[in-house]
Amino acid sequence: WEADKRELVAHAFGANGVYFAVRFHDVKKHQMTGVLRSRNAKGESQVGVLELERVSEGKATSRFTASDGTVVTEVLTNVGK
């Protein structure tokens, strides 16, 4: 959490220059929206808007809209311990 910017941020890095970085600028109790930037091992980069929503206990949805207009949606579920 970057309090001065009121943004929730996450970054991850891997081998071969792989990374992702997300900045959620609209954070609510059960919903977040922000910009996701990523690069894969082939050197291909993408940027777009990531929306996450908690639907219920143990279930959330995501929607990624890339800058080229491609949309990817997912349903995330908690499978337990």
Engineer: Taking the side chain as everything from C-beta on, heavy atoms only, tell me whether V49 gets closer than 4.5 Å to T33.
Structural biologist: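 Sidechains of T33 and V49: in contact.
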Engineer: Mind listing the closest non-hydrogen atom pair of F64 and L36 along with its distance?
Structural biologist: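 Taking every non-hydrogen atom into account, CE1-CD2, 3.6 Å.
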Engineer: Can you give me every donor-acceptor pair (side chain of residues 20-27, partner residue at least two apart or in another chain, under 3.5 Å) with its distance?
Structural biologist:
| unit_1 | atom_1 | unit_2 | atom_2 | d |
| --- | --- | --- | --- | --- |
| R23 | NH1 | E2 | OE1 | 3.0 |
| R23 | NH1 | E7 | OE1 | 2.6 |
| R23 | NH2 | E2 | OE2 | 3.4 |

Engineer: What do you reckon, is CZ of R37 surrounded by more than 12 foreign heavy atoms closer than 6.0 Å?
Structural biologist: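 Count not over threshold, so no.
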Engineer: According to a hydrophobic-cluster definition based on side-chain heavy atoms being under 4.5 Å apart (Ile, Leu, Val, Met, Phe, Trp, Tyr only), do M32 and W1 belong together?
Structural biologist: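 Yes, same cluster.
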Engineer: For residues 46-66, which residue pairs pass the salt bridge (Lys or Arg N to Asp or Glu O under 4.0 Å) check, not counting sequence neighbours?
Structural biologist: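 Output for this query lists E51-R63, R54-E57.
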Engineer: With S62, which residues qualify under side-chain hydrogen bond (donor to acceptor under 3.5 Å, both in side chains), at least two apart?
Structural biologist: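 By the side-chain hydrogen bond (donor to acceptor under 3.5 Å, both in side chains) rule, S62 matches E74.
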Engineer: Which pair of heavy atoms, one from R39 and one from G17, lies closest together, and at what distance?
Structural biologist: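 Shortest heavy-atom separation between R39 and G17 comes out as NH1-O, 3.1 Å.
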